[in-house]
Protein chains: 2
Amino acid sequence: MNDALEPRQLEAYFVLMEAVSLLQHSVEQQLRTEGGISYVQFQLLARLAAVDEPLTMTQLADGVVYSRSAVTYQAAQLEEAGLITRASSPDDERATLVTITAAGRALVDRVLPGHVQVIRPMLFDPLTDEDLDQLGHIMTRVRDHMRAQPPRSASRRRPTKPSP
Amino acid sequence: MNDALEPRQLEAYFVLMEAVSLLQHSVEQQLRTEGGISYVQFQLLARLAAVDEPLTMTQLADGVVYSRSAVTYQAAQLEEAGLITRASSPDDERATLVTITAAGRALVDRVLPGHVQVIRPMLFDPLTDEDLDQLGHIMTRVRDHMRAQPPRSASRRRPTKPSP
DNA sequence: TATTGTTATACTCTATAACTATA
DNA sequence: TATAGTTATAGAGTATAACAATA
């Protein structure tokens with residue numbers, strides 16, 4: 001058992017990261033220019049629009065991985081921009097329910113075409129439909145596998161101190 | 001011709017971005033913890049180690065996309081940490097040649113095993129060798145295609161002001 | 001006691017524009 | 001005049017830890 005991966009595997013990883021970085025960079029500019037939002041903010045809005053019901057801060061964070069304070073920060077930005085509202089949950093007074101506003105939905109709808117126009121030439125044009133299908137399948141498997149086992153190092157909430 | 005993509009295409013894109021974000025996050029923590037460097041810094045060092053010869057700041061930037069000032073900033077960090085050296089080029093006095101130090105190589109070698117240990121369970125374990133091959137081929141095609149046509153919006157150097 | 005979320009703070013990183021120096 | 005790189009500055013985003021309130 002060797003700790004080193006086959007060079008080809010490592011190469012696939014590096015190329016994956018590089019290509020996505022390029023894509024992310026372009027997409028970020030488009031969102032900033034046309035919508036005045038970051039990619040993270042777009043993700044949060046898109047998620048809220050997709051599920052079509054209020055989410056708690058924790059649920060919202062679950063989709064984007066970051067720390068609680070980062071979500072609070074982003075939510076504050078989005079709320080200030082009138083794209084979401086926050087209200088404490090009737091079920092659990094500790095929780096904050098985040099709801100996307102009409103303006104929020106409108107923004108997502110407004111930036112999506114331009115978003116696609118950036119993605120298409122970069123990601124879709126060079127690939128066949130079959131490639132895209134495979135890519136989708138592969139990354140879905142990867143994503144689901146990642147979500148299934150919470151990363152050892154990045155626990156959402158500081159684990160309780162082991163009895164000292 | 002419709003501006004909207006097939007939902008499945010868009011889905012593949014979103015999953016791709018999500019999975020890579022998760023991967024990036026984990027990898028970033030590993031590099032920070034075990035090497036005290038960011039992923040960008042790791043990329044720069046790995047690139048210098050791979051080509052095995054000095055690169056100019058511009059050449060270095062080409063691999064990582066960012067603005068000139070960002071490269072200067074990162075190079076300053078790496079130089080301060082003793083991982084690279086900078087010296088003006090004999091060929092072109094304007095250029096700065098960046099050379100990786102022994103400590104820089106040592107650091108890359110030192111963090112790479114841990115890096116792989118993070119990647120393996122997240123990316124490689126859930127995929128067959130064939131999947132990985134396909135992923136590599138697909139993303140290589142995407143990457144090469146992206147590099148072939150410089151993004152319209154993100155010119156490396158501010159284009160000359162159109163004759164006013 | 002554990003969990004949800006917020007806040008204060010410090011830090012990293014990035015982009016813009018102005019600047020120097022060389023080609 | 002254009003290019004390589006640096007610098008000053010300002011802004012966005014993140015994480016940590018301490019905190020308040022609820023379960």
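Contacts between residues 82-99 of chain B and DNA chain C, counted as heavy-atom distances below 4.0 Å, involve Asp92(B), Glu93(B), Arg94(B). Taking every heavy atom of residues 30-45 of chain A and every atom of DNA chain D, pairs under 4.0 Å involve Arg32(A), Ser38(A), Val40(A), Gln41(A), by number.
Put simply, CG on Leu78(B) is 12 Å from P on dT6(D), counting in whole angstrom units. Rounding to whole angstrom units, CD of residue Gln77(B) and C1' of dT14(C) are separated by 13 Å. Between the CD atom of Glu28(B) and the P atom of dG13(D) there is a distance of 16 Å, given to the nearest Å. Distance, Tyr73(A) OH to dG11(D) P: 11 Å, rounded to whole Å. When rounded to the nearest whole Å, the span between CZ of Arg68(A) and P of dG13(D) equals 20 Å. Rounding to whole angstrom units, CE of residue Met57(B) and C1' of dA21(C) are separated by 15 Å. Across the protein-nucleic acid pair, Glu79(A) atom CD and dG5(C) atom P stand 14 Å apart, rounded to whole Å. In this structure, CG of Asp62(A) is placed 14 Å from C1' of dG5(C), rounded to the nearest angstrom.
Arg86(B) and Ala75(B) get closest at one heavy-atom pair: NH1-CB, 3.9 Å. Ser21(A) and Gln24(B) get closest at one heavy-atom pair: OG-NE2, 4.1 Å. Pairing each heavy atom of Leu22(A) with each of Met122(A), the nearest pair is O-CE, 3.8 Å.
Ranking dT16(C), dG5(C), dT16(D) by closeness to the Ser67(B) side chain, first place goes to dT16(C). Distance from the side chain of His25(A) is smallest for dA15(C) among the nucleotides dA15(C), dT6(C), dG5(D).
Val71(B) and Leu97(B) fall into different hydrophobic clusters, where Ile, Leu, Val, Met, Phe, Trp and Tyr side chains are chained together by heavy-atom contacts under 4.5 Å. Cluster membership for Met139(A) and Leu10(B), using ILVMFWY side-chain heavy atoms within less than 4.5 angstrom, is shared.
In this structure, the side chain of Asp131(A) engages the main chain of Thr128(A) through a donor-acceptor pair within 3.5 Å.
As judged by a 4.0 angstrom heavy-atom cut-off over every strand, Gln74(B) is placed among residues touching the sugar-phosphate backbone only.
Contact of Thr58(A) with dT3(C) (side chain to base): no donor-acceptor pair of N or O atoms is detected under 3.5 Å.
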Discussion item. Go through it in stages, so that I can follow the logic: the residues are Thr99(A) and Ile84(A), the test is side chain to side chain contact (heavy atoms under 4.5 Å, CB included), and I'd like the CA-CA distance, side-chain angles, deciding distance and then a yes or no.
Written reply: CA-CA 5 Å; Thr99(A) 307; Ile84(A) 64 165; over 6 Å; no
Worksheet entry | Leu83(A) and Ile37(A): CA distance, side-chain angles, deciding distance, side chain to side chain contact (heavy atoms under 4.5 Å, CB included) verdict | CA-CA 11 Å; Leu83(A) 303 172; Ile37(A) 56 174; 4.2 Å; yes
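Salt-bridge annotation for Arg47(B) and Glu18(A): absent, with no side-chain N of the basic residue lying under 4.0 Å from a carboxylate O of the acidic one.
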Worksheet, complete the sentence: Given Watson-Crick and G-U pairs under 3.5 Å, DNA chain C in dot-bracket ([ ] crossing, | other strand) is |||||||||||||||||||||||
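Gln41(B) is not listed as a side-chain neighbour of Leu31(B), based on a closest heavy-atom distance of 4.5 Å or more.
Applying the 6.0 Å contact sphere to CG of Asp133(A) captures more than 12 heavy atoms from other residues, nucleotides or ligands. Atom CG of Asp92(A) has more than 12 neighbouring heavy atoms from other residues, nucleotides or ligands inside a 6.0 Å radius.
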